[in-house]
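Since the structure comes first, as structure tokens, the remarks are kept for the end.
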Number of protein chains: 2
Amino acid sequence: MTTPAARAATLEDVARVAGVSRATASRVLAQTGSASPATRDRVAAAADRLGYLPNPAARALVRGSGVRLAVAVTGSTEAVLDDPYVDRVVAAAARVGAPHGLGVTLHWLPRRAPQTLRRLVDDRGVCGVVLVNTTGSVLDAVPRRLRGRVASIGIGSPAVPAFDVDNSAGAEAVLRHLHATGRRRIAMVTGHRWLVCAGRSVHTYRQVTRAAGLPVRLVAGDFTAARGREAAVEVLDRWPDTDAIFATSDATALGVIAGLRDRGVRVPGDVAVAGFDDIPLAALSTPALTTASHPVTRIATAAATAVLDRRPAPAVTFFPSALVPRDSA
Amino acid sequence: MTTPAARAATLEDVARVAGVSRATASRVLAQTGSASPATRDRVAAAADRLGYLPNPAARALVRGSGVRLAVAVTGSTEAVLDDPYVDRVVAAAARVGAPHGLGVTLHWLPRRAPQTLRRLVDDRGVCGVVLVNTTGSVLDAVPRRLRGRVASIGIGSPAVPAFDVDNSAGAEAVLRHLHATGRRRIAMVTGHRWLVCAGRSVHTYRQVTRAAGLPVRLVAGDFTAARGREAAVEVLDRWPDTDAIFATSDATALGVIAGLRDRGVRVPGDVAVAGFDDIPLAALSTPALTTASHPVTRIATAAATAVLDRRPAPAVTFFPSALVPRDSA
DNA sequence: TTGAAAGCGCTAACAT
DNA sequence: ATGTTAGCGCTTTCAA
């Protein structure tokens, strides 16, 4: 007849059962300091038998280390948090944090008030911050104190390592594909103007079109499908002879296809359409969407891991983007 | 010239500035116990001036309360965590937890080993659990100790309040729509067999078709698009005269449309297709997908809130699902 | 209404 | 290699 443990085992219990001091048990269990093999075994056995799990709160308190990871997304309105992209980042971080007992919270950083970041940093519960949709002013608002405990998905700074998809290479692959398949009047629907990382695609677009002697046709987008639908119409109105539209997000590209369809334009017959991200449904649209891959989960995992490990990360880590040719272009 | 706070303000600091004891400051700031209005003001002012933010670790330690919310998803493989649906649940929980300083971690609960839940519950860092894709055996594995700190998205039990979309009503709305538009040989692609909540749609399907004197045509699905594509072919092979396919997830429905297209079957001309969930891209497919809404974020928010508040929640809370008629059916 | 004091579970000097 | 000790910042009896 086993007594149901009314109380979870503490380090004290483990130490007593193992016949050592609390300090020794701590050293063994936290992998810090040294201990003789025999002691090590006894402590491990005791911990195992008691089902000992360290109390993260106690540990964080004494270490002064915080108990959660904050994911902070910059945007004009709180609606930026509704993006499936953000969901993926949060879920990836929540998976990385789990084995460490570190939870994730999600926050909106108003674009006009980057100092909101301060509140997050001043919170002793926060042990690290993953910045999303980072802008220059947000980067400027990162206090020194946060160094080594912050990473950015997007652009970085000397104090903030960056993790991002290789926008330029991805965009270039798409544009070359468009060109190789005979398109010569290629319009682009961009991402948010204020996002530097989104600007990289635009820069590449300008370079490639200029080098090939093609016209530059830019329309502002915001990564949403709704905007893509409108943008398609704008493109058609401004440049009726456009034969390809490259949107910097799949959602926007699908919106573009919908907008084109509204106008009775055939895809890819009349106009080719390409996206960026390779979301799961890109393969299922009609026509199936040609796009470039965007390993969001890998990127977010790397960013979260960098924050957790506090290991000096490279200033910038780019993840490759590969062309995924399908039917729409 | 302000001295940069080398150290974040503690309750002790607030108490000193306010000229009261730490205990009093605690009472005022934690909204517990009583204090004179004057004292209350002084403490609040001091906290404000110092930018005091309570240390969640210290609070959790003394209260024995845990510092994070665990989202546990049941599934045969860890791949269940890759679902965008899970991402949304996690992000919603991470938003709910943020103001409370409670982070979220994401865990896989192997379907064959529901006792894995124990590890989560024994972890003193976990203050609550949100179950996703809950099965009967997982529910059985919920220890008494967790009562009031657990909620389920899916089915529930006397000890675990459930939060879910009203699958039955949603499915019925879709099926009635199909019937009203002249479809008489309606096949259904189901969700996982082992998921009771997914079974509700099947039950409704059986009832509705039986009542209308229609044939029952069931094919097993798993919520993925890939499976939908295969399932479409199976339906066509087994029952060539099928005139409608109802899939219990939009991803599957889009897969069905792709599979149908592979076979040269027109949608909705030859076969109508309907989904369930109303994911953002349902509106953008070709043809636009007829479906029923599934307020995942609202559901997850409610579940997470119930766990946080520890308020006695109703045994079951169903969220309405509305028909979203578009072009595919 | 307020203060003094104890202690939550753990780690990290500092001794030995 | 191991034990002793002093807290980390907070809440909460218990008295006053």
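Residue numbers start from 1 in every chain, and the chains themselves are labelled A, B, ... in the order their sequence lines are given, proteins ahead of strands.
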Name every donor-acceptor pair, under 3.5 Å, that has one atom in a side chain of residues 309-316 of chain A and the other anywhere in the protein, sequence neighbours excluded.
from: A/Asp309; atom 1: OD2; to: A/Arg311; atom 2: NH2; distance (Å): 2.7

For a quick test of your reading: what N or O donor-acceptor pairs under 3.5 Å do the side chains of residues 59-66 of chain B make, sequence neighbours left out?
none

Please tabulate, one pair per line, all N/O donor-acceptor pairs under 3.5 Å involving side-chain atoms of residues 84-91 of chain A, not counting sequence neighbours.
from: A/Arg88; atom 1: NH2; to: A/Thr297; atom 2: OG1; distance (Å): 3.2

Determine which bases of DNA chain C form Watson-Crick or G-U wobble pairs with both distances under 3.5 Å, and write the result as a 5' to 3' dot-bracket string with | for other-strand partners.
||||||||||||||||
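Although no hydrogens or angles enter the test, the distance criterion places a donor-acceptor pair under 3.5 Å between the side chain of B/Arg40 and the main chain of B/Ala35.
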Output a table of nitrogen or oxygen pairs between the protein and nucleotides 5-8 of chain D separated by less than 3.5 Å.
from: D/dA6; atom 1: N6; to: A/Arg22; atom 2: NH2; distance (Å): 3.3
from: D/dC8; atom 1: O2; to: A/Val62; atom 2: N; distance (Å): 3.4

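Of the two residues near DNA chain C, A/Leu29 and B/Gly19, the one whose nearest nucleotide lies more 5' is B/Gly19. Each of B/Arg40 and A/Leu11 was matched to the nucleotide of DNA chain C holding its nearest heavy atom; the match closer to the 5' end belongs to B/Arg40.
Contacts of A/Phe163 classified as ring pair (Phe, Tyr, Trp, His ring centres under 6.0 Å), with partners at least two apart in sequence or in another chain: none. Under the side chain to side chain donor-acceptor pair (under 3.5 Å) criterion, B/Glu12 pairs with B/Arg22, not counting sequence neighbours. A search for side chain to side chain donor-acceptor pair (under 3.5 Å) contacts involving B/Ser76 returns B/Arg111, not counting sequence neighbours. Here B/Asp166 pairs with nothing under the side chain to side chain donor-acceptor pair (under 3.5 Å) rule; sequence neighbours left out. Looking at residues two or more places apart in sequence or on another chain, you find no side chain to side chain donor-acceptor pair (under 3.5 Å) involving A/Thr74. Every side-chain contact (heavy atoms from CB on, under 4.5 Å) that A/Val307 has, sequence neighbours left out, goes to A/Leu69, A/Val130, A/Ala151.
If you walk DNA chain C from 5' to 3' and mark each nucleotide with an atom closer than 4.0 Å to a heavy atom of chain B, the marks span C/dT1 to C/dC10.
Atom CD of B/Gln31 is separated from atom P of D/dT12 by 13 Å (rounded to the nearest Å). Regarding A/Arg59, its CZ atom lies at a distance of 18 Å from the P atom of D/dG9, rounded to whole Å.
B/Ser26 comes within 4.0 angstrom of a base, heavy atoms only.
Distances from the side chain of B/Arg27 to the nucleotides D/dT2, D/dT13, D/dG9 place D/dT13 closest.
For A/Ser21, a side-chain nitrogen or oxygen approaches OP1 or OP2 of D/dG3 to under 4.0 Å. An OP1 or OP2 oxygen of D/dT2 is reached within less than 4.0 angstrom by a side-chain nitrogen or oxygen of A/Thr39.
Comment: B/Arg119 does not engage B/Asp122 in a salt bridge, judged by the lack of any side-chain N to carboxylate O separation of less than 4.0 angstrom.
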